[in-house]
There are 2 protein chains.
Amino acid sequence: MFHPDCPSSVMPLRIGDKWSAMIIVCLEDGPRRFSEIRVPLRRTTPKVLTQTLRALERDGMITRTVYAEVPPRVEYELTELGRTLLDLIAVCRRWADEHLPAVLAARELPGVGVGPEG
Amino acid sequence: MFHPDCPSSVMPLRIGDKWSAMIIVCLEDGPRRFSEIRVPLRRTTPKVLTQTLRALERDGMITRTVYAEVPPRVEYELTELGRTLLDLIAVCRRWADEHLPAVLAARELPGVGVGPEG
DNA sequence: CAGCATCCATAGGGATACTG
DNA sequence: CAGTATCCCTATGGATGCTG
């Protein structure tokens with residue numbers, strides 16, 4: 001338990017942040033341009049999107065290809081390694097489909113004073 | 001894509017934070033006391049542990065049972081719902097075992113100016 | 001178009017000290 | 001033992017405006 005590759009390190013490791021998982025899914029069907037990624041992600045700001053993309057690139061999950069054209073074009077594409085995340089994300093989605101209602105239901109009942117209860 | 005139960009909501013939803021996954025695993029084999037959880041988690045501060053436990057409880061992942069004894073005893077235990085996370089976490093661990101080396105290797109090579117490169 | 005620079009708000013996590 | 005209370009720091013994410 002609790003080596004460097006324990007779940008608590010891994011979860012935030014690459015898909016635990018707010019946008020990475022969505023970007024990965026976004027790239028599932030092939031390369032996408034910066035602005036093509038931006039739109040479905042509910043209009044993330046460019047800064048945040050760039051940050052996330054750079055981090056994914058650094059970790060070997062995606063490649064970034066710049067085309068010397070005007071107007072500029074940059075394409076992002078999943079690597080082999082990045083594609084392995086698709087399975088992981090799929091499992092998470094399945095978990096959510098199945099159990100999220102129960103979670104939300106549990107949140108409704110008061111009793112644990114975490115939320116704003118006045 | 002991108003309903004309320006999309007992966008980007010789910011990942012941070014319950015196991016994306018720093019300690020939840022470890023706590024879940026900690027409770028895998030039965031109820032545990034506050035201090036029993038605290039130790040393997042590399043001595044998290046009580047505040048942080050309490051926060052995380054309360055959040056897990058609120059989401060219906062664990063139960064909290066107080067025994068009216070001296071000295072006080074409180075036990076935390078996984079619910080049915082909480083147990084479903086064990087599978088999810090196991091999948092994540094397996095992903096890590098398999099691919100973490102590649103991630104770390106990718107991080108070694110410079111080229112993407114995210115890290116501190118001077 | 002694809003970003004970078006700048007400034008800003010907040011939440012997560014933590015250190016330390018104290019209590020029922 | 002099992003927390004609370006208080007203070008603090010940093011990382012994440014965001015808004016706005018500018019540039020090659």
Side-chain angles (χ1 to χ4, degrees), chain A residues 2 6 8-9 11-23 26-27 31-59 62-77 112-117, chain B residues 2 8-9 11-23 26-27 31-59 62-77 111-117:
Chain A
F2 310 156
C6 88
S8 74
S9 321
M11 216 65 60
L13 177 71
R14 207 40 285 161
I15 54 172
D17 67 308
K18 195 167 180 184
W19 302 111
S20 290
M22 281 166 85
I23 290 175
C26 231
L27 298 179
R32 291 283 180 270
R33 306 178 57 167
F34 189 84
S35 47
E36 289 177 319
I37 301 173
R38 222 191 131 188
V39 173
L41 262 59
R42 294 217 335 232
R43 328 203 111 271
T44 321
T45 59
K47 192 197 91 174
V48 172
L49 184 54
T50 301
Q51 272 176 185
T52 311
L53 287 169
R54 289 292 200 283
L56 286 168
E57 188 191 0
R58 191 197 49 167
D59 284 355
I62 64 176
T63 57
R64 175 173 180 272
T65 310
V66 184
Y67 296 87
E69 304 172 357
V70 266
R73 181 162 59 105
V74 179
E75 285 192 344
Y76 296 89
E77 186 167 14
V112 186
V114 184
E117 304 186 80
Chain B
F2 309 156
S8 74
S9 320
M11 215 67 59
L13 177 70
R14 207 40 283 161
I15 53 172
D17 66 309
K18 195 166 179 183
W19 301 111
S20 290
M22 281 167 84
I23 291 175
C26 231
L27 298 179
R32 292 282 180 270
R33 306 178 58 165
F34 189 84
S35 47
E36 290 176 319
I37 302 174
R38 221 192 132 187
V39 173
L41 263 59
R42 295 218 332 233
R43 328 203 112 270
T44 321
T45 59
K47 192 197 92 176
V48 171
L49 184 55
T50 302
Q51 273 177 185
T52 311
L53 287 168
R54 289 292 200 283
L56 285 168
E57 187 191 0
R58 190 196 49 167
D59 284 355
I62 64 176
T63 58
R64 175 174 179 273
T65 311
V66 183
Y67 295 88
E69 303 172 359
V70 265
R73 182 162 58 105
V74 179
E75 285 191 343
Y76 296 90
E77 187 169 12
V112 186
V114 183
E117 305 187 77

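None of the values given here were measured: they were computed from a predicted structure. Numbers restart at 1 for each chain; the letters A, B, ... are given by sequence-line order, proteins then strands.
A:Arg64 has its side chain within reach of A:Val66: a pair of non-hydrogen atoms, C-beta onward, lies under 4.5 Å apart. Residues B:Arg32 and B:Cys26 form no side-chain contact, since every pair of their non-hydrogen atoms from C-beta on lies 4.5 Å or further apart.
Atom CZ in A:Arg54 sits about 12 Å away from atom P in C:dA2, given to the nearest Å. Per the geometry, CD belonging to B:Glu36 stands 13 Å off P belonging to D:dG3, to the nearest Å. Atom-to-atom, CD of B:Glu69 to C1' of D:dC1 comes out at 11 Å; the value is rounded to the nearest Å. To the nearest angstrom, P of D:dC1 lies 14 Å from CG of B:Leu49. Residue A:Arg73 contributes atom CZ, which lies 13 Å from atom P of C:dG3 at whole-angstrom precision. Atom pair B:Leu53:CG and C:dG13:P shows a separation of 13 Å (rounding to whole Å applied).
How far CD1 of B:Ile37 is from CE of B:Met22: 11.5 Å, rounded to the nearest 0.5 Å. Taking CG of A:Leu53 as the start and CD1 of A:Ile23 as the end, the distance is 4.5 Å to the nearest 0.5 Å. Taking CG of A:Leu56 as the start and CG of A:Leu27 as the end, the distance is 8.5 Å to the nearest 0.5 Å.
OP1 or OP2 of D:dC1 has not a single side-chain nitrogen or oxygen of B:Arg33 nearer than 4.0 Å. Phosphate contact (OP1/OP2 of D:dC1, side-chain N/O of B:Arg32, threshold under 4.0 Å): absent. A sub-4.0 Å separation between OP1 or OP2 of D:dA2 and a side-chain N or O of B:Ser35 is present.
Counting only residues at least two apart or in different chains, salt bridge (Lys or Arg N to Asp or Glu O under 4.0 Å) contacts with residues 65-74 of chain A comprise A:Glu69-A:Arg73, A:Arg73-A:Glu75.
Judged by distance alone, the side chain of A:Glu57 and the main-chain N or O of A:Arg54 form no donor-acceptor pair under 3.5 Å. Here the side chain of B:Thr44 pairs a donor or acceptor atom with the backbone of B:Leu41 at under 3.5 angstrom.
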- Message: I need a per-nucleotide contact map over nucleotides 5-20 of chain D, read 5' to 3'. Cutoff is protein heavy atoms under 4.0 Å; write B for the base, S for backbone only, - otherwise.
- Response: -BB-----BBB----B
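Residue B:Tyr76 is in sugar-phosphate contact alone, with no base atom involved, counting any heavy-atom pair closer than 4.0 Å across all strands shown. Nucleic acid contact class of A:Arg38 (heavy atoms, under 4.0 Å, all strands): none.
When every heavy atom of B:Arg33 is checked against every heavy atom of B:Pro72, the shortest pair comes out as NH2-O, 3.3 Å.
Taking five base pairs at each end of the helix from C:dC1-D:dG20 to C:dG20-D:dC1 and finding the rotation axis that steps the C1' atoms of four pairs onto the next four gives two axes whose angle is 50°, to the nearest 10°.
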